[in-house]
**Q** 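Below you'll find the structure I mean.
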2 protein chains.
Amino acid sequence: MGSAEEDSAERRPLNRRLAPNSGNPAAPNRAPSVASTIHARLRSEIVSLARKPGEPLAEKAITEAYGVSRTPVREAILRLADEGLVDIFPRSGTFVARIPQHGLSEAVVIRMALEEKSARLAAERATRSQVMVVQAIVEQLRESQAAGDQAAFHAADEHFHATLAEMAGYPGIWALVQQVKIQVDRYRRLTLPQEGRMQRVIEEHQAILDAVAAHDPDRAALHMNGHLGALIASVEDIRHVNPDYFAGGGHGD
Amino acid sequence: MGSAEEDSAERRPLNRRLAPNSGNPAAPNRAPSVASTIHARLRSEIVSLARKPGEPLAEKAITEAYGVSRTPVREAILRLADEGLVDIFPRSGTFVARIPQHGLSEAVVIRMALEEKSARLAAERATRSQVMVVQAIVEQLRESQAAGDQAAFHAADEHFHATLAEMAGYPGIWALVQQVKIQVDRYRRLTLPQEGRMQRVIEEHQAILDAVAAHDPDRAALHMNGHLGALIASVEDIRHVNPDYFAGGGHGD
DNA sequence: CTCATATATTTGATATATCAGTTAAGGCGG
DNA sequence: CCGCCTTAACTGATATATCAAATATATGAG
């Protein structure tokens, strides 16, 4: 239908900028705005636990620390709230979100559901060159292990999963996984690095890749579930860590 | 790192409101703020296609229409952008997002992965009373069909899936599904209501529920996939609808 | 008449000001 | 000394003002 509330007839130039689809192929809002900078910064600080769960998040302090006004800071905080990383209590205060205990196993279950599909489809569709790319990533894992570089190891790990989703033809799967796993990432910062984990992870990734290369969806799914299932165990026991960092319920999102 | 910028030593009352976890069990930010009202309203208008894909979204017009300032309107629009319902082109304009063509099948695939797990777990854990509740929901579907009430039918449909996720023990699954399916919902508004769809949907839901009641995870998963797989077909053929409402690429999240 | 440039306008991004609800401390009465 | 009420300070929510980039329209040269 038309539209037009009431007197908008003469007000609308009609042919004026009706579609940003010509020269702009995609990717709106990519500019490095102040707000997104603050958001990225705060997000990183929260995920890395530089800011402790339950800790108050003073808008004013952030404002001063970064030398910007409250508007972009507020924008960043609102987005963090949508991501479940901060809790805003309307006229009371804003706090770094506690890690939702039940939300952890839920996140892992969801991730398994998503990445099982990812592995299956990747196994069905993988081309030879794609397999080689992923093999290179696994090699990066080995190099990172040898160098004892945990950060590089983690980066390659994530790259592996992202690439698998891409091979499956649905990169959105990895985007969703990233969204879901964020609280688990925070949790893992609290636990001591397990001995031999890197070696185990490398072997699991190689097993997944082998199944994918062999175009064996069932086996790929099996190894993926085994790989992620290990998380379940580590997530189940929340003792020995500060219980003040946790909240009972799970997040709705 | 530690924390404490510089001169905060004497500034921090330390024992002042350090955790809103005592009297506030959960649910931060539930207040009906102006911003969330606008957001809900705009969201509804976009999903119902009252606002057409590609249409400009004038911040000023909304401001005047609702009699509020630009701040809450902007806040609402930013959230819509995060949800993928609007595209913001920084110094150019804001537009109702086009429906991502490839994103549709991706959304269905993701939904199948999630709800298959949902159905499986529900079948494993269902109690008798839970089954009865869901059977009542299916009955609501039949009543809505008889009354020809599409809105009620749709509401009961969603309630069915939400309840299944709850039975599975992971309500977050449904929350995720809702987030993912939103573009599909928009797409379906564009297509004519198919003859006999209601009847088919009822039967599929009943089949899922029967499998759940029989504690047969594999069969529950099978019927759930069959149920959602029907979406794939309807999503694949995007002809006969205004191609101007669609965008080529898929969305990130 | 066509095209390039200049100007005016629109818009989102940011800064600042104001408002109202909440919290916690302080004072008053019991 | 204890409890209720008042008050003061703080916070997030909203309103308003300003800024700079991008687009459209007007304008003038060719």
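All values below were derived from every heavy atom in this structure, side-chain atoms included, with hydrogens, water molecules and symmetry-related copies excluded. This one's a predicted model, so the numbers in the text were calculated from it and none came from an experiment. Letters A, B, ... are given to chains in the order of the sequence lines, protein chains preceding strands, and every chain is numbered from 1.
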**Q** Excluding sequence neighbours, so at least two apart, what forms salt bridge (Lys or Arg N to Asp or Glu O under 4.0 Å) with A:R111?
**A** A:E115

**Q** Quick one: salt bridge (Lys or Arg N to Asp or Glu O under 4.0 Å) partners of A:R186, sequence neighbours excluded?
**A** none

**Q** Provide, to the nearest angstrom, the distance between the CG atom belonging to A:D87 and the P atom belonging to D:dT11.
**A** 17 Å

**Q** Rounded to whole Å, please give me the gap between CZ in A:F89 and C1' in D:dC10.
**A** 17 Å

**Q** Taking only side-chain nitrogens and oxygens of B:T94, does any of them come within less than 4.0 Å of OP1 or OP2 of C:dG12?
**A** yes

**Q** Which residues pass the salt bridge (Lys or Arg N to Asp or Glu O under 4.0 Å) test with A:E158, not counting sequence neighbours?
**A** A:K181

**Q** Take the protein atom CD1 of B:I38 and the nucleotide atom P of D:dA13, then report the distance between them rounded to whole Å.
**A** 15 Å

**Q** Please report the distance, rounded to the nearest Å, between CG in A:L57 and C1' in D:dT11.
**A** 13 Å

**Q** How would you list, by chain and number, every residue that makes a ring-ring contact (aromatic ring centres under 6.0 Å, His included) with A:Y245, sequence neighbours excluded?
**A** none

**Q** Could you check how far CD1 of B:I88 sits from C1' of C:dT10, rounded to whole Å?
**A** 16 Å

**Q** Anything under 3.5 Å between a protein N or O and an N or O of nucleotides 14-16 of chain C, put it in a table, one pair a line.
**A**
from, atom 1, to, atom 2, distance (Å)
C:dT14, OP1, A:V34, N, 2.6
C:dA15, OP2, A:S69, N, 2.7
C:dA15, OP2, A:S69, OG, 2.8
C:dA15, O5', A:S69, OG, 3.4
C:dA15, N7, A:T71, OG1, 2.7

**Q** State whether the side chain of A:R70 and the backbone N or O of A:K60 hold a donor-acceptor pair below 3.5 Å, judged by distance alone.
**A** no

**Q** Between side-chain atoms of residues 163-178 of chain A and protein atoms elsewhere (two or more places apart, or another chain), which donor-acceptor pairs fall under 3.5 Å?
**A**
from, atom 1, to, atom 2, distance (Å)
A:T163, OG1, A:H159, O, 2.7

